[in-house]
Visitor: 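Structure incoming, see below.
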Amino acid sequence: MAETAGPNIPNMGNLNWKDILNGFGVNVETPDFSSAVARERKPMTTAQKIIIAIIAVLVIGFAYWWFHPAINIHSVDMWWFIAIVILLPSFLGLRFLSRKAEHDEHDEMKAAKRSSLFKKLSFIPIIILALVLIGGIASWSIIPGNAARYANVLQTQEYDFATDIQEVNYKQIPVIDRDSAALLGNRTLGEIPEYVSQFEISPLYSQINYQGTPVRVSPLGYADFFKWINQMSTGLPGYVLVDMTTQDTKVVRDAGAMFYSQSEPFDRNIDRYVQLAYPFKMFDEKSFEIDEEGHPWWVCPVLDFTIGLFGGQTIKEAVLVDAETGEHTLYKLEDVPQWVDRVFPSDLLIMQYNWSGLYLNGWLNSWLGQTGVKQTTPGSNGMAGYNYIAKDDDVWLYTGVTSATADNSIIGFVLINQRTGESHFYPVSGATEISAMNSAEGQVQNLRYVATFPLLLNINNQPTYFMALKDGAGLVKKFAMIDIQRYQNVATGDTVNECQKTYKALLATNGISAKGSGAASSGQTVTGTIETMAQAVIDGNSHFYITLKGDDRIYDLSLPGLIEIVGYKVGDEVTLSYTEDDPTSPVDGIGEEAAASDDDSAPAANADAQAAPVDEEEEAEAE
């Protein structure tokens with residue numbers, strides 16, 4: 001058989017792919033890279049350098065616009081921005097140039113000088129970061145003199161509770177907290193079909209005084225980016241307003257649309273807008289408020305650091321931004337308009353007061369001995385627990401104050417004005433808010449209701465916790481009042497009036513009434529002739545019930561607080577201070593005490609001290 005010619009395949013023991021391919025008639029040439037490597041690289045032209053510089057500037061400019069850190073040496077955000085966008089690339093770039101210069105084969109001496117220069121320049125970013133670190137260390141409380149500076153950031157004066165806090169008008173006691181307000185707001189928005197598909201409610205729900213009433217307000221926001229595209233030309237139609245006393249809720253459809261909000265993604269985003277308008281200012285937590293005419297505003301507090309680079313935070317100024325037009329004005333703290341309620345963020349005030357309580361007697365004492373060290377009481381979640389009181393047409397932050405051991409009792413409580421930063425301390429011993437909440441829940445443990453974080457009321461000159469009791473769905477079912485100093489005294493009721501009546505009767509059984517200490521009655525005064533008088537025991541407490549000639553009311557006098565009633569009989573003339581209610585009107589003063597209470601009742605009837613409950617987690621979630 002004839003042999004067929006084939007490719008000359010080399011021995012497989014010494015396999016070479018070039019020989020194999022050549023055997024098949026494929027000519028393979030090995031490229032010579034040595035000439036390419038040896039070939040000298042051409043330097044960048046001036047035009048290329050300009051293009052690269054322009055691109056770098058544009059990238060840095062866009063990064064600044066997007067992240068908008070304050071241009072301020074006290075701004076941590078600015079230093080992070082500089083470190084990531086400028087210092088780190090500069091350090092790496094200079095190190096690269098230094099190594100590259102070392103391998104310059106044309107002029108070794110010039111190469112060494114250039115390499116040394118680049119290496120020295122690369123230490124500049126490190127030096128800058130070191131200086132920032134030193135400035136941060138200078139903010140530490142352990143540095144001599146800093147503890148006293150921290151203790152004096154917030155100046156607190158001691159006041160008498162009964163004198164400074166007026167007794168509330170019971171018909172104006174707020175009955176819902178922030179979570180309940182949010183439920184009502186969402187329900188109301190859901191009743192407007194054209195809104196619920198396009199907008200959502202911001203979680204802010206700022207508590208303010210609006211026309212003498214405690215309310216919560218929160219702006220509408222775009223539901224998502226595509227909803228913003230559809231609605232950006234018309235803006236946001238309004239905001240939600242929840243009356244915390246009547247639970248009335250409405251969506252206020254403002255005459256002019258709001259174009260500046262936190263839900264705006266680009267230039268009209270309120271955070272970016274105000275920061276770029278004031279690039280050298282640092283802003284703290286912003287709040288949404290309305291003025292007395294219902295016009296929407298953003299209140300933007302301006303931060304100031306008074307200790308080192310990053311310590312001793314406080315507020316010195318505030319910028320007000322019109323949520324409709326974007327017009328803005330910078331105010332000194334003392335010039336902020338009266339209708340503004342929230343300039344100092346709650347968490348900042350809590351931190352400042354804790355500084356004063358911790359460092360009052362020096363840094364070493366804050367760790368060893370802890371003489372006189374005190375702190376604010378925590379909430380149910382372990383974080384700061386606080387509430388709000390309306391006083392003198394301002395919103396004041398309220399929180400209990402306890403000793404350094406953080407036991408279940410308070411040594412007093414503090415009120416801090418959120419507009420001015422004015423701070424008042426009231427020495428009162430009693431139960432912490434958490435203990436009071438547990439006590440109230442114990443009264444209705446069979447119903448498994450949960451107590452809201454309490455607010456503070458003045459009832460018969462007694463500091464009193466008031467809280468709502470909610471079911472698993474978050475609906476308010478009952479109310480509770482607890483004597484701060486005797487927290488076993490718990491009164492509950494289905495309505496505020498019923499709760500208040502039961503609580504006053506409870507106080508009376510302990511010998512506490514509106515008489516004797518200059519208390520201002522929250523009710524009215526009547527003088528008349530006793531027509532009927534009867535005695536009864538209700539829930540283990542003795543009561544006298546009397547009627548007056550020509551008067552259809554039945555007056556309820558609790559013993560032993562109003563023991564003077566035993567000296568009266570049918571036909572005697574008597575003067576009573578009472579609170580209007582049905583079916584009986586509780587009495588809190590008799591005779592001269594009632595007359596004195598009547599003299600003081602005019603301001604109390606329009607009391608300027610109101611309060612509203614708030615979930616202690618509110619600021620962390622929203623704001």
Visitor: Let me see the working for Tyr426 and Asp164 under side-chain hydrogen bond (donor to acceptor under 3.5 Å, both in side chains), right down to the final yes or no.
Guide: CA-CA 9 Å; Tyr426 304 88; Asp164 196 48; 2.2 Å; yes
Visitor: Looking only at non-hydrogen atoms, find the nearest pair between Phe310 and Gly136 and report the distance.
Guide: CD1-CA, 3.7 Å
Visitor: For the rings on Trp298 and Phe288, is their centre-to-centre separation under 6.0 Å?
Guide: yes
Visitor: Does Thr163 form a side-chain hydrogen bond (donor to acceptor under 3.5 Å, both in side chains) with Asp160? I'd like the steps, not just the answer.
Guide: CA-CA 5 Å; Thr163 303; Asp160 177 67; 2.8 Å; yes
Visitor: Evaluate salt bridge (charged side-chain N to carboxylate O under 4.0 Å, His left out) for Asp177 paired with Lys470, printing each intermediate quantity in order.
Guide: CA-CA 10 Å; Asp177 62 359; Lys470 303 194 295 185; 3.1 Å; yes
Visitor: Between Val175 and Thr245, what is the shortest heavy-atom contact and its length?
Guide: CG2-O, 3.8 Å
Visitor: Counting C-beta onward and ignoring hydrogens, is there a side-chain heavy-atom pair between Arg178 and Gln207 closer than 4.5 Å?
Guide: no
Visitor: With a 4.5 Å limit on heavy-atom distance, are the side chains of Gln524 and Tyr578 in contact?
Guide: yes
Visitor: Are Lys374 and Phe425 in a cation-pi setup, meaning NZ or CZ lies under 6.0 angstrom from the ring centre and within 45 degrees of the ring axis?
Guide: yes
Visitor: Do you know which of Trp297, Tyr210, Trp339 makes side-chain hydrogen bond (donor to acceptor under 3.5 Å, both in side chains) with Asp291?
Guide: Trp297
Visitor: Ring centres under 6.0 Å, that's the criterion: do Phe413 and Phe161 meet it?
Guide: yes
Visitor: Would you check if the side chain of Gln352 reaches a backbone N or O of Gln313 as a donor-acceptor pair within less than 3.5 Å?
Guide: yes
Visitor: Is the shortest side-chain N to carboxylate O distance from Asp471 to Arg448 below 4.0 Å?
Guide: no
Visitor: Identify the heavy atoms of Asp394 and Asn209 that sit nearest to each other, and give their distance.
Guide: O-ND2, 3.5 Å
Visitor: Please give me the minimum heavy-atom distance between Gln262 and Ser202, naming the atom from each residue.
Guide: OE1-OG, 4.3 Å
Visitor: Between the side chain of Gln418 and the main-chain N/O of Val343, is any donor-acceptor distance below 3.5 Å?
Guide: no
Visitor: According to the salt bridge (Lys or Arg N to Asp or Glu O under 4.0 Å) rule, which pairs have a member within residues 488-502, sequence neighbours left out?
Guide: Lys478-Asp494
Visitor: Kindly indicate whether the side chain of Ile416, heavy atoms from C-beta on, has any atom under 4.5 Å from the side chain of Leu154.
Guide: yes
Visitor: For Tyr487, does the OH atom sit with more than 12 other heavy atoms under 6.0 Å from it, leaving out its own atoms?
Guide: no
Visitor: Taking the inter-plane angle between the rings of Tyr388 and Tyr386 on a 0 to 90° scale, is it parallel (under 30°), tilted (30 to 60°) or perpendicular (over 60°)?
Guide: perpendicular
Visitor: Whether the side chain of Ser585 engages the backbone of Tyr555 through a donor-acceptor N/O pair (distance < 3.5 Å, no angle test) should be reported.
Guide: no
Visitor: Tell me if a side-chain donor or acceptor on Asp483 pairs with a main-chain N or O of Thr464 at a distance below 3.5 Å.
Guide: no
Visitor: State, with a plain yes or no, whether a side-chain heavy atom of Leu469 is found less than 4.5 Å away from one of Val450.
Guide: no
Visitor: Is Ser423 reaching over with its side chain to a backbone N or O of Thr156, donor-acceptor style, under 3.5 angstrom?
Guide: no
Visitor: Can you check whether Thr371's main-chain N or O pairs, donor with acceptor, with Asn365's side chain at less than 3.5 Å?
Guide: yes
Visitor: I need the Asn417 CG to His424 NE2 distance, nearest 0.5 Å.
Guide: 8.0 Å
Visitor: Under a 3.5 Å cutoff, is there a donor and acceptor pairing between the side chains of Ser75 and Asp77?
Guide: no
Visitor: If we only count heavy atoms from C-beta on, is the Met481 to Thr502 side-chain gap below 4.5 Å?
Guide: no
Visitor: In sequence, state the C-alpha distance, the side-chain angles, and the governing distance for Asp271 and Lys286, and then conclude on salt bridge (charged side-chain N to carboxylate O under 4.0 Å, His left out).
Guide: CA-CA 8 Å; Asp271 296 322; Lys286 302 169 184 66; 3.2 Å; yes
Visitor: Which atoms form the tightest heavy-atom contact between Ala404 and Gln375, and what is the distance?
Guide: O-NE2, 4.0 Å
Visitor: Looking at every heavy atom in both Glu289 and Asp341, which two are closest together, and how far apart are they?
Guide: OE1-N, 2.9 Å
Visitor: Between Asp248 and Thr246, do the side chains contain a donor N or O and an acceptor N or O under 3.5 Å apart?
Guide: yes
Visitor: Heavy-atom distance under 4.5 Å between the side chains of Leu303 and Thr314, does that happen here?
Guide: no
Visitor: Are any non-hydrogen side-chain atoms of Ile208 and Ile290 less than 4.5 angstrom apart?
Guide: yes
Visitor: Let's go through Asp393 and Gln338 carefully: what are the C-alpha distance in whole Å and the side-chain angles of both, what is the deciding distance for side chain to side chain contact (heavy atoms under 4.5 Å, CB included) to 0.1 Å, and is it a yes or a no?
Guide: CA-CA 8 Å; Asp393 199 31; Gln338 178 71 32; 4.2 Å; yes
Visitor: Is Asn146 reaching over with its side chain to a backbone N or O of Ala138, donor-acceptor style, under 3.5 angstrom?
Guide: yes
Visitor: Give a yes or no on whether the backbone of Gln247 and the side-chain of Thr249 come within a donor-acceptor separation of less than 3.5 Å.
Guide: yes
Visitor: Please check: side-chain N/O of Ser139 versus main-chain N/O of Ile307, any donor-acceptor pairing under 3.5 Å?
Guide: yes
Visitor: Can you see whether Glu433 engages Thr377 through a side-chain donor-acceptor pair at a distance of less than 3.5 angstrom?
Guide: yes
Visitor: Are any of the side-chain heavy atoms of Val299 and Val319 separated by less than 4.5 Å?
Guide: no
